[in-house]
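Notes follow once the structure below has been shown.
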Amino acid sequence: MHKYNCWYQSIEDPNSRYNIGEIIYRCPKTGSLLEVEHDLEELKERSPESWKELFDTRYRKRKWPYGSGVWGKKEWVAPFIDDENIVSMYEGDTNLFWAEKYGNQIGVEDLWIKMCGNSHTGSFKDLGMTVLISAVKQLIADGKEIKAVACASTGDTSAALSAYCAAAGLKSIVFLPRNKVSIAQLVQPLANGAKVLSLDTDFDGCMKIVQEVCDKQNIYLANSINSLRIEGQKTISIEICQQFNWDVPDWVIIPGGNLGNISALGKGFLMLKNLGLIKKLPRLVCAQAENANPLYVSYLNKFKSFKPLKATTTYASAIQIGDPVSINKAINILKIFDGIVEQASEEELATSSAKMDLTGTFNCPHTGVAVTAFEKLVNKKII
Ligand SMILES: Cc1ncc(COP(=O)(O)O)c(C=O)c1O
């Protein structure tokens with residue numbers, strides 16, 4: 001396969017670029033987050049129709065690793081990884097479900113739910129983790145010394161990290177806030193053989209500690225500050241368009257905590273548009289729990305300022321985050337997509353979630369947050 005070019009680039013300064021084979025999480029010059037930039041001119045040498053055909057030919061097929069929803073788009077995701085270093089559990093290719101009954105109740109006919117959590121570990125985090133762990137295998141094959149891979153987590157990320165490390169034969173270490181992770185999610189890293197550290201702090205506290213540990217040891221950082229994760233997660237938006245026969249939805253609503261996901265979905269849509277596979281962009285909505293709503297507060301003030309806050313307990317425990325790592329990426333994306341931020345109180349998110357359950361769409365409190373945002377925007381006649 002032709003090896004398309006990509007590199008790390010500061011999100012604040014396009015001239016600050018770094019080799020994709022380096023171990024680097026932030027721009028040493030600007031201190032900002034990095035993103036993986038792809039050589040779009042090189043990718044444009046293939047026509048939009050030909051990309052669509054290639055992706056459609058691979059979709060859900062058994063040819064390893066291209067049947068995976070992530071690796072079927074390898075050229076746009078991580079072209080620098082040799083196939084023999086890919087650690088894939090056939091992630092992605094998740095159902096796009098027509099929520100007809102619930103949509104009719106709300107008065108929105110054409111309502112679809114992308115079931116990103118229908119994945120190996122029960123979370124969309126598998127999409128980013130397959131890329132990150134495959135990149136670690138590539139780095140090791142290229143001579144880098146990496147003793148283990150670590151993350152802070154509210155549950156999902158640790159499940160994904162430990163599963164992919166176990167599959168790759170790598171050691172994993174997870175830092176969890178004590179008593180804030182559900183038993184179902186605590187079981188996964190333990191069963192997958194990770195070293196599990198339970199700390200007397202919240203997610204934001206675990207995030208600080210894991211960064212210090214990774215800075216000092218030869219331990220690789222797997223949180224979404226690591227832009228490789230975003231590359232896998234951006235396939236969600238590419239796949240949504242593919243499932244709509246390369247058409248674009250009008251709105252996409254996503255729950256947001258650390259804000260990697262909203263950044264990733266935006267990046268996928270932009271890449272599709274820049275490479276000519278779609279002609280318009282959707283509007284994006286980021287939905288936050290009222291108890292963990294720093295982006296919502298910033299949105300109310302037109303993103304003129306941002307202040308981290310102390311997130312308090314929410315049923316949507318995976319998004320109980322007051323100091324989101326990807327805040328700047330998320331704000332950039334929301335500005336481009338004429339985005340909206342909404343919030344859901346505990347009562348609202350529980351009610352929305354239960355209402356959807358009663359249409360046969362059993363869902364989690366995070367989805368409840370997105371559903372509340374959707375209902376609020378429909379009631380305001382914005383959607
Ligand atoms: C279970 C779960 N965790 C976390 C998130 C939020 O992702 P992020 O932390 O990247 O904002 C979501 C959003 O879909 C989610 O459903």
Side-chain angles (χ1 to χ4, degrees), residues 33 35 94 113-129 131-132 151-161 176-177 180-182 184-185 188 202-204 206-207 222-237 240 252-268 284-289 291-296 298-299 308 311 314-334 339 341-344 349 352-353 356 361-374:
L33 290 188
E35 59 189 345
T94 52
I113 300 177
K114 178 71 172 152
M115 313 283 272
C116 306
N118 283 1
S119 189
H120 188 70
T121 68
S123 156
F124 68 87
K125 306 275 179 181
D126 293 358
L127 302 169
M129 211 52 84
V131 178
L132 184 137
C151 74
S153 176
T154 51
D156 293 324
T157 307
S158 55
L161 173 65
L176 305 177
K180 294 196 180 75
V181 175
S182 67
Q185 288 192 313
Q188 290 195 61
D202 56 7
F203 171 81
D204 296 311
C206 289
M207 193 63 227
N223 280 97
S224 61
I225 184 177
N226 186 322
S227 46
L228 291 168
R229 290 259 309 278
I230 304 291
E231 290 311 287
Q233 285 173 213
K234 85 181 178 199
T235 59
I236 295 172
S237 39
I240 290 173
V252 179
I253 306 176
I254 311 153
N258 224 4
L259 306 180
N261 228 11
I262 179 96
S263 312
L265 266 84
K267 192 163 191 256
L284 294 187
V285 180
C286 188
Q288 292 212 293
N291 290 353
N293 65 354
L295 182 71
Y296 178 72
S298 172
Y299 169 75
T314 165
Y315 294 125
S317 56
I319 55 175
Q320 188 187 324
I321 296 173
D323 189 6
V325 163
S326 294
I327 181 69
N328 293 332
K329 282 187 184 177
I331 291 178
N332 289 346
I333 286 293
L334 285 164
V341 187
E342 259 298 352
Q343 66 170 2
L349 74 88
S352 301
S353 192
M356 277 253 297
T361 319
F362 183 63
N363 66 103
C364 70
H366 314 88
T367 306
V369 172
V371 176
T372 298
F374 165 66

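Keep in mind that the numbers below use all heavy atoms, side chains included, and drop hydrogens, waters and symmetry copies. In listed order, ligands and their atoms are each counted from 1.
- A heavy-atom distance below 4.5 Å is found between the side chains of Pro294 and Gln288.
- Protein heavy atom closest to atom 13 (C) of ligand 1, with residue, atom name and distance, is Pro255 O, 3.2 Å.
- Checked by distance only, ligand 1 and Ile254 stay at 3.5 Å or farther apart across all their nitrogen or oxygen atoms.
- The shortest N or O to N or O distance between Gly257 and ligand 1 is under 3.5 Å.
- In terms of protein heavy-atom proximity, atom 1 (C) of ligand 1 is closest to Asp156 OD2, 3.0 Å.
- Ligand 1 has no nitrogen or oxygen under 3.5 angstrom from a nitrogen or oxygen of Gln233.
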**Message:** One pair to check against side chain to side chain donor-acceptor pair (under 3.5 Å): Thr94 and Asn118. What are the steps and the verdict?
**Reply:** CA-CA 6 Å; Thr94 52; Asn118 283 1; over 6 Å; no
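- Looking at ligand 1, you won't find any N or O of His366 less than 3.5 Å from one of its N or O atoms.
- Each of the following atoms of ligand 1 lies closer than 4.0 Å to a heavy atom of Gly256: 11 (O).
- Residue-to-ligand polar distances keep Ala318 apart from ligand 1: every N/O pair is separated by 3.5 Å or more.
- When each of Ile254, Val369, Leu295 is tested with Cys286 by the rule side-chain contact (heavy atoms from CB on, under 4.5 Å), just one qualifies, namely Leu295.
- Among all non-hydrogen protein atoms, the one lying nearest atom 5 (C) of ligand 1 is Ile319 CG2, 3.5 Å.
- For the pair Asn223/Val325, no side-chain contact is recorded, criterion being any heavy-atom separation below 4.5 Å from C-beta on.
- Using a 4.5 Å heavy-atom threshold, the side chains of Ile113 and Met356 count as touching.
- Put simply, the side chain of Leu334 does not reach to within 4.5 Å of the side chain of Tyr299, judged on heavy atoms.
- Put simply, the side chain of Lys329 does not reach to within 4.5 Å of the side chain of Leu259, judged on heavy atoms.
- Every atom of ligand 1 is numbered from 1 in the order shown, and the set under 4.0 Å from a heavy atom of Leu259 is 8 (P), 9 (O), 10 (O), 11 (O).
- Proximity of Ser123 to ligand 1 is not established, as no heavy-atom distance is less than 4.0 Å.
- In this structure, atom 9 (O) of ligand 1 lies nearest to the protein heavy atom Asn258 N, 2.8 Å.
- Protein heavy atom at the shortest distance from atom 15 (C) of ligand 1 is Phe124 CE2, 3.4 Å.
- In terms of modelled atom types and a separation under 3.5 Å, the side chain of Glu231 and the main chain of Val131 share no donor-acceptor contact.
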